[in-house]
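Each remark here refers to the structure printed beneath this line.
Model, not experiment: these values are computed from the prediction. Because only heavy atoms are used, hydrogens play no part in the values below, and waters and symmetry mates are left out as well, while side chains stay in.
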Amino acid sequence: SQQGEEDPQALSIQEGENATMNCSYKTSINNLQWYRQNSGRGLVHLILIRSNEREKHSGRLRVTLDTSKKSSSLLITASRAADTASYFCATDPGNTGKLIFGQGTTLQVKP
Amino acid sequence: ETGVTQSPTHLIKTRGQQVTLRCSSQSGHNTVSWYQQALGQGPQFIFQYYREEENGRGNFPPRFSGLQFPNYSSELNVNALELDDSALYLCASSLGQTGETQYFGPGTRLLVL
């Protein structure tokens, strides 16, 4: 079963704009991770935020986590055409390395 | 590039056949997890191997089985293939059973006709 639900399912923006994706999950977590997938290939780890953290930055990425609402958001600033991909949130409720993924947000950045 | 490799990249089989997919983990990693990703869906956890032992399994039938070798590479075997087994199969390696960051291979796309 899917733990996370991403919103929106699809997002289309112009280059230079910001993109925000949201993820909701059901059970308590130790951490939440975001992954990117290009054209149905392997997933690339973007960022991990722990349950005791509220916000984390990595380059043009900003992730927030609200454990009271069981939700997270991923913000990509100043988007580029190369950011076009599917983005997934993943949780590991038992901290066992068995990731549970959402269905993903497909982002299209138009040049 | 994560250092995780998978073979083959693509595979076409017919219903009822058996298939073996292979994964080489990143150097130094002792844990391999396998995921199935149907078209338009997120990956679903199949099982995990830690130091050659199965260490947890998702909601997949017994005809999905695996192995991990002393060098920590791994195989995923699927018997009696069904049309619904058509998917992208991803392996991911990590260090330790609670490996937080998983490094994914490029996947094997399986089509069952």
Checklist line | Side chain, backbone, both or neither of A:L48 within contact of chain B (heavy atoms, under 4.5 Å) | finding: side chain
Notebook entry, point to check: Where on A:Q37 is there a heavy atom nearer than 4.5 Å to chain B: the side chain, the backbone, both, or neither?
Noted result: side chain
Checklist line | Carboxylate-amine/guanidinium proximity below 4.0 Å for B:D85 and B:R63 | finding: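 Here B:D85 pairs with B:R63 in a salt bridge, since their nearest N and O are under 4.0 Å apart.
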Notebook entry, point to check: Is the closest basic N to carboxylate O distance between A:R60 and A:D83 below 4.0 Å?
Noted result: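 Yes, charged N to carboxylate O under 4.0 Å.
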Margin query: Consider ring pair (Phe, Tyr, Trp, His ring centres under 6.0 Å). Of B:F104, B:F60, B:Y89, which one does B:Y35 pass it with?
Written below: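 Testing each of B:F104, B:F60, B:Y89 against B:Y35, the sole residue satisfying ring pair (Phe, Tyr, Trp, His ring centres under 6.0 Å) is B:F104.
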Next item on the list: Classify the angle between the aromatic ring planes of A:H45 and A:Y35 as parallel (below 30°), tilted (30 to 60°) or perpendicular (above 60°).
Entry: perpendicular
Margin query: Is B:Q37 in contact with chain A via its backbone, its side chain, both, or neither, using a 4.5 Å heavy-atom distance?
Written below: side chain
